[in-house]
Novice: 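One structure follows; several queries about it will come next.
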Amino acid sequence: MNGLANSESLYLREASNQPVNWLPWSKDAFEKAKKENKLILVDVGAAWCHWCHVMDEETYSNQEIAKIINENFIAIKVDRDEMPEVDRKLQLIVSEISGESGWPLTVFMTPEGNVFFGGTFFPPEDSYGRIGFKRLLNEILRIWNTERDKILNSAIPLSIKVKTGNEGQLNKDLIESSFSLLTSAYDLEYGGLGKSMKFPHPKVDEFMLAYSAWTGDDLGKKLNNFTLIKMFEGGIFDQVGGGFHRYTTDREWITPHFEKLLIDNAELLEDYYVTYLATGKVEFLEAYNLTYEFIKRDLENSIAFSNSIDADSDGIEGGYYTWTEEEIKDALGQEAELAIKLFGLRKEGGVVEGRKVLRVDLAEAKKLINTDINIILQKLRDLRRRMLEYRQKNRKMPRVDTNSYSYPNYRLAEVLFQSLKIDDGLKIIKNLTPTVSRRLTGGKEGLLEDYASALLASISAYEVTADERYYSLSLELYNKLKDFLGADGFEEPNGELPYGDMPNESANSLAVRGILKLSMLYKIDIKIEKILSKLVNSDPSFVSGLLLSAGSIINGIAHVVIVDEKDDKAEDLHKEAMTTYYPLKVVEKISDDIKDRLDSTLRSMLNDNRGKSRAYICIGNTCSMPIFEKEKIKLLLKTKLS
């Protein structure tokens, strides 16, 4: 047994019985490498990562390979969910050296901790079209022993700064050029970005939706809708149990790697909900509902929500999620033939380990059932329920990483509040304080992503509950967030700029969005436009979250204020404001005793119509006249966009 058995990380604990003498990432491990003048081998992975498990089982469990590592290297294992700041830095450096990134990430470093080579998955012997790890280790040792200067002169220090783009201008040209670049990368046949493997890009989807709202050009909304429908219909969506797998190996969204992450599903929950508000299309509401039900059923734990679910079940990749025709017949009896057609079992592709990945085609379903979309979705829901019962009864569920990390949980809380699942959101933030840790249960100090997502969750809690303690907490979190501000933007304590959506929304984007929302409620002393201008001038697929914030500054952030006069009318106004689409808005329900902190323009208007609950919509320096009918809120917000 190595030094990982007592780790809180599931990924590290899973490797505790491997023959490699693994150490956790620590100062002691690097000092040991220096003292013994040994090269360092770093493995970065996660409990949910299929190929990480394959490399652990085939490569690191190989006794001959373990002997080479133990005698010649200091071996360090890193959980990327525990230490994303380390993972980001190593991914960027390895990508620069070898053009590879992803998990598992295999990194070779000098005894001083400088990176000289890296890649992703390596089999024990030459196979999969890749060099075998045994041969690679021996070649690295040969160079180290005979041509050491080659390694030392090419090695890259971890302290290297991540470069941002040149400072850009926050204007409509930025939004137009960014949208144009995104559309040029858009897959018009299957949706999403690119023509190979597909990851969801929720902030790209939301930026496209916002573009249509800002400009009146429907193209962004059409591209957004097409992508969301294709994902909902594809194998990336768990057609039986709901929720999304991380990515697909093809451009058609058919064949996924089957891991499920809380952070991905939290962001896609937001993606589909926001698009539903903007379009009213029931397909998007159903995708939201099925994903929410999955999160509640499979990820909820006694603390909040678990981090991830593994891809494999009983050693079979996707075995929990894939089907045969015989299994569907066992599950559904007389309706099996309809389900076989609806879920595409006889279509080409989507075969994993001899079993089929399910997918649907809503247009084909309409022809097959010959009815409207609501009845089709209800029929699919009924079949899904019965197949889920069969799956739960007859298969072993993949392992769940029950760690409740702060960042994905607070991101989920924000979405739950915005979609009015208030009790679930409150469960997550019940112990939130101005000092945020990596886990909800405490421990290691939080990173920028933890503080930024906590701020957004706290603001959203204030929006839906009007509870003053969340207003105060948001201000305290903002003051902590300022500690991360460096010369070029928000930085981790080690000086790293956590830059770019990868494809999850970046910590920079979360921080900017949180501060922008708070600026509608409180006078902010950070020049957020200056920070944004340094961050947005890059490939828009990596900064779409920041572009959404930039476009909102340019086109106006909405502040909706409901004055509650205790006449039972305020709740309707409040709910309408919360459930009306606007790219970036803040909703505040107030009583008369806290009006003094409002903007002077709005404060001067509040004395009129006393005694009757009313709403005001403020964008920039302009506020609407009082609104008494909830229908006018939606109408006025839409008008403000045009």
Novice: Has S460 got a side-chain atom pairing as donor or acceptor with F417's backbone, closer than 3.5 angstrom?
Specialist: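 No, because the side chain of S460 does not come within donor-acceptor range (under 3.5 Å) of the backbone of F417.
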
Novice: Look at the rings of F207 and F179 and say which category their plane angle falls in: under 30° parallel, 30 to 60° tilted, over 60° perpendicular.
Specialist: tilted

Novice: Which pairs pass salt bridge (charged side-chain N to carboxylate O under 4.0 Å, His left out) with one or both residues in residues 551-560, sequence neighbours excluded?
Specialist: none

Novice: List for me each residue that meets side chain to side chain donor-acceptor pair (under 3.5 Å) alongside Y451, sequence neighbours excluded, and say none if there are none.
Specialist: E445

Novice: Is the positively charged end of R439 above the ring of Y407, judged by distance under 6.0 angstrom from the centroid and angle within 45° of the axis?
Specialist: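 So R439 doesn't make the cation-pi contact.
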
Novice: Using salt bridge (charged side-chain N to carboxylate O under 4.0 Å, His left out) as the criterion, list what pairs up with E629, not counting sequence neighbours.
Specialist: K632

Novice: Restricting to pairs with a member in residues 423-437, which pass salt bridge (charged side-chain N to carboxylate O under 4.0 Å, His left out), not counting sequence neighbours?
Specialist: K296-D424, E300-K427

Novice: Run the side chain to side chain donor-acceptor pair (under 3.5 Å) test against S419 and tell me which residues pass, sequence neighbours left out.
Specialist: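 Result, side chain to side chain donor-acceptor pair (under 3.5 Å) vs S419: Y288.
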
Novice: Got a sec, which residues hit salt bridge (charged side-chain N to carboxylate O under 4.0 Å, His left out) with K366, two or more places apart in sequence or on another chain?
Specialist: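 With sequence neighbours excluded, K366 shows a salt bridge (charged side-chain N to carboxylate O under 4.0 Å, His left out) to no residue whatsoever.
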
Novice: Any chance the rings of F199 and Y247 have centres within less than 6.0 Å?
Specialist: yes

Novice: Please enumerate all residues that pass salt bridge (charged side-chain N to carboxylate O under 4.0 Å, His left out) together with E283, with sequence neighbours excluded.
Specialist: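 By the salt bridge (charged side-chain N to carboxylate O under 4.0 Å, His left out) rule, E283 matches no residue at all.
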
Novice: Do R88 and E492 sit within salt-bridge range, that is, some charged N less than 4.0 Å from a carboxylate O?
Specialist: yes

Novice: Can you sort out the partners of D450 under salt bridge (charged side-chain N to carboxylate O under 4.0 Å, His left out), two or more places apart, ordered by chain and number?
Specialist: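 Partners of D450 under the salt bridge (charged side-chain N to carboxylate O under 4.0 Å, His left out) test: R438.
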
Novice: List the residues meeting side chain to side chain donor-acceptor pair (under 3.5 Å) with K260, not counting sequence neighbours, and say none if there are none.
Specialist: D238

Novice: Just grab all the salt bridge (charged side-chain N to carboxylate O under 4.0 Å, His left out) pairs involving residues 471-484, residues at least two apart or on different chains.
Specialist: K482-D525

Novice: If you measure from the Lys or Arg side-chain nitrogens to the Asp or Glu carboxylate oxygens, is any gap between K589 and E571 under 4.0 Å?
Specialist: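 E571 and K589: salt-bridged.
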
Novice: If we ignore hydrogens and angles and just use 3.5 Å, is the side chain of D264 paired with the main-chain N or O of R246 as donor and acceptor?
Specialist: no

Novice: Looking at G545, is its backbone amide N or carbonyl O close enough to the side chain of D501 to form a donor-acceptor pair, meaning the two atoms are under 3.5 Å apart?
Specialist: yes

Novice: Are I562 and E588 side-chain neighbours, meaning at least one heavy-atom pair lies under 4.5 Å?
Specialist: no

Novice: Taking NZ in K195 as the centre, count heavy atoms belonging to other residues, nucleotides or ligands within less than 6.0 Å. Is the count above 12?
Specialist: yes

Novice: Regarding E529 and K534, does a basic nitrogen lie under 4.0 Å from an acidic carboxylate oxygen?
Specialist: no

Novice: Please confirm whether K421 makes a cation-pi placement over Y292, using NZ or CZ under 6.0 Å from the six-membered ring centre and within 45° of the ring normal.
Specialist: yes

Novice: State yes or no: are the ring centers of F484 and F490 separated by less than 6.0 Å?
Specialist: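 No, they do not, as the ring centres are separated by 6.0 Å or more.
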
Novice: Name the residue from E449, E267, R411 that meets the side-chain hydrogen bond (donor to acceptor under 3.5 Å, both in side chains) definition with N504.
Specialist: E267

Novice: Can you name the residues that form a side chain to side chain donor-acceptor pair (under 3.5 Å) with E565, not counting sequence neighbours?
Specialist: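 E565 satisfies side chain to side chain donor-acceptor pair (under 3.5 Å) with R614 only.
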
Novice: Examine distances only and state if a side-chain atom of E505 and a backbone atom of K203 form a donor-acceptor pair shorter than 3.5 Å.
Specialist: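 No.
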
Novice: Enumerate the ring pair (Phe, Tyr, Trp, His ring centres under 6.0 Å) contacts for residues 542-589, please, sequence neighbours excluded, ordered by first and then second residue.
Specialist: none

Novice: Taking the basic N atoms (NZ, or NE/NH1/NH2) and the acidic carboxylate oxygens, is any pair closer than 4.0 Å for R469 and D467?
Specialist: yes

Novice: Determine yes or no for a side-chain-to-main-chain donor-acceptor pair under 3.5 angstrom, with S101 supplying the side chain and Q91 the backbone.
Specialist: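 Side chain of S101 to backbone of Q91, a donor-acceptor pair under 3.5 Å: no, none is there.
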
Novice: Do the side chains of R251 and E189 get close enough for a salt bridge, i.e. N-O under 4.0 angstrom?
Specialist: yes

Novice: Cationic tip of K198 within the cone over W253's six-membered ring, i.e. under 6.0 Å and within 45° of the normal?
Specialist: yes

